[in-house]
There are 2 protein chains.
Amino acid sequence: MNTTHEVLDFVHDGHKRYLPHLSIDCVIFGYHQHQLKILLIRYHAHTKWSLPGGFIARDETLTQAASRILAEKTQLNDLFLRQFHTFGDSPTRLNELGARQVHNITYSKVGVTIDQNNWLADRTLSIGYYALVDYLDVVVKPEFLVDEYCWRDVNDIPPLLFDHNEIIETALLTLRSQMYQQPIGYNLLPDKFTLPEIHALYETILGRQFDRRNFRKKLLTLGLIRQLAEQKKIGPHRSPFLYEFDSDTYHRSLEEGAVLGF
Amino acid sequence: MNTTHEVLDFVHDGHKRYLPHLSIDCVIFGYHQHQLKILLIRYHAHTKWSLPGGFIARDETLTQAASRILAEKTQLNDLFLRQFHTFGDSPTRLNELGARQVHNITYSKVGVTIDQNNWLADRTLSIGYYALVDYLDVVVKPEFLVDEYCWRDVNDIPPLLFDHNEIIETALLTLRSQMYQQPIGYNLLPDKFTLPEIHALYETILGRQFDRRNFRKKLLTLGLIRQLAEQKKIGPHRSPFLYEFDSDTYHRSLEEGAVLGF
DNA sequence: ACAAAAGTGTTAGCCATACACCCATGG
DNA sequence: CCATGGGTGTATGGCTAACACTTTTGT
């Protein structure tokens with residue numbers, strides 16, 4: 001939606017293409033060098049930030065919708081993307097008037113008012129998905145109704161629209177608990193990475209520290225990573241060895257689960 | 001819905017009270033004495049069985065809706081009830097015609113045809129909840145549109161309507177993986193229970209065996225259960241001791257997670 | 001030579017696992 | 001006394017956790 005005409009069409013006829021009452025909200029975790037951030041957007045004329053989201057087209061599956069929405073924002077495909085919860089309890093989701101007012105501020109940009117019967121004024125439940133990306137890989141696409149976007153540190157999230165703070169909270173809990181049972185990193189690290197790199201990744205996402213020696217031992221014992229003969233030049237310091245994921249073990253662990261047990 | 005009039009009202013005006021496009025399906029696990037069963041229902045004039053389900057009223061929260069639907073079927077409140085996944089990928093959920101045909105069979109009972117514009121003919125996503133009950137406690141309430149119900153063993157589920165087999169599969173996987181991280185049993189055992197009873201509960205739900213001695217040790221070490229001085233009379237055999245849950249530890253483990261680590 | 005970062009091995013304690021015999025009860 | 005089911009303790013191995021010094025590299 002990049003023109004006034006497209007937006008007006010969406011407001012008036014969106015319910016013909018999309019399912020009303022249901023949206024998808026994406027918690028896009030962006031990791032890079034010891035920082036874990038979340039992509040937030042600010043809809044037109046709002047002061048509060050929100051999570052990026054979208055609707056489910058009538059002719060696409062739920063998974064397709066989530067991938068499409070994520071790809072629209074990040075221009076990236078084949079990301080780590082997981083459904084984690086469906087939200088329908090918050091008072092902000094029961095109060096149709098509140099939602100309508102929020103939309104009215106946004107859509108004032110095209111001079112249209114959402115009336116009580118408009119599909120966007122309906123009560124909407126939201127299916128939460130989270131994704132993990134390297135935020136340096138992401139070129140966020142400007143959108144007509146979005147004034148700005150930003151990457152905010154997970155520990156410094158401001159009050160957001162609707163129940164989006166709760167959605168982030170749940171996403172983070174889910175991400176962390178899944179990380180203890182499944183390998184993570186394929187999408188966040190280069191093909192060949194150093195031990196300090198993957199070590200920092202785990203420490204940052206899980207928000208705690210691991211002993212370097214035990215960490216390496218664990219990943220090697222599980223067969224998740226393989227040490228290479230090459231080293232990486234990192235300037236005025238000792239050169240770390242490069243490692244790569246063992247694709248077989250990695251994907252088997254993704255499916256069957258592998259207890260990291262730290 | 002127990003009269004023709006109520007059903008007709010639901011078919012024609014249900015979209016005013018309920019959110020269209022979204023339903024809740026409940027996987028009700030019924031445990032009793034070494035058996036783990038699932039409650040299935042057969043809608044009027046259908047040959048295939050289904051999961052019990054329902055819609056979300058416009059003025060209730062998602063959690064309220066799930067509890068209400070469960071209470072309507074089982075007459076029980078305060079059950080162990082958990083959302084586990086939202087389903088919107090199955091081809092049977094994309095094909096509106098198929099869903100309409102299924103509904104038409106059911107609603108033939110009241111001589112009404114669901115046309116293309118009826119809200120029940122819309123594509124519907126389903127939010128899956130699972131519950132755990134003692135199936136001897138359940139008195140299933142007869143419903144106008146339901147010809148029969150039955151408790152089927154989890155290992156003997158026939159082909160069901162729509163994607164309900166997949167929903168059960170996912171529910172069972174979730175239940176089992178949660179059971180390793182959280183205590184279960186409060187709703188399934190009497191206040192005072194014997195060790196063989198809770199032992200059988202775990203073995204049945206998780207589908208594997210545990211050494212009696214190690215099992216007891218584990219639960220006592222975690223502080224989840226407390227041994228009482230009383231014993232239970234069980235006929236022509238040695239009387240087993242009674243135990244009770246330690247309410248504090250139990251609820252703390254529910255929230256924080258407790259690794260059973262068998 | 002110094003600063004910064006990476007590499008490396010051992011030990012102790014806990015916990016999961018495996019395992020078999022005796023006891024109580026009612027018929 | 002017999003059949004059935006319940007109660008109980010120990011030993012082993014593996015895994016987690018804790019811990020500090022040396023090596024490399026560039027300036």
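Fair warning: this is a prediction, and the values are worked out from it, not measured in the lab. Letters go in sequence order (proteins before strands), and every chain restarts at 1.
Listed pair A:K218 / D:dC15 fails the phosphate criterion, with no side-chain N or O lying under 4.0 Å from OP1 or OP2. Residue B:R216 places at least one side-chain N or O under 4.0 Å from the OP1 or OP2 atom of D:dT8. Between A:S239 and the phosphate of D:dT25, there is a side-chain N or O to OP1/OP2 separation shorter than 4.0 Å.
Atom CG of A:L224 sits about 8.0 Å away from atom OH of A:Y250, to the nearest 0.5 Å. With rounding to the nearest 0.5 angstrom, the NE2 atom of B:H34 is 12.0 Å from the CD1 atom of B:I205.
Across all strands, A:K232 comes closer than 4.0 Å to no nucleic acid atom at all (heavy-atom distances).
Under 4.0 Å is where a charged nitrogen must lie from a carboxylate oxygen, and between B:E244 and B:K192 no such pair does.
Distances were taken from every side-chain heavy atom of A:R213 (C-beta onward) to each of C:dG9, D:dG7, C:dA6; the shortest belongs to C:dG9. With D:dT24, C:dA16, C:dC19 as the choices, the nucleotide that has an atom nearest any side-chain atom of B:D211 turns out to be C:dC19. Among the nucleotides C:dT10, C:dC19, D:dT23, the one closest to the side chain of A:K217 is C:dT10. Taking the side chain of A:N214 as heavy atoms from C-beta on, and the options D:dA18, D:dA20, C:dC15, the nearest nucleotide is D:dA18.
Of the two residues contacting DNA chain D, namely A:R208 and A:R238, the nearest-nucleotide position lying further toward the 5' end is that of A:R208.
Heavy-atom neighbours of A:Q33 CD from other residues, nucleotides or ligands within 6.0 Å: at or below the threshold of 12.
Residue B:H237 places a side-chain atom within donor-acceptor reach of the base of D:dT4, judged by atom type and a 3.5 Å distance cut-off alone.
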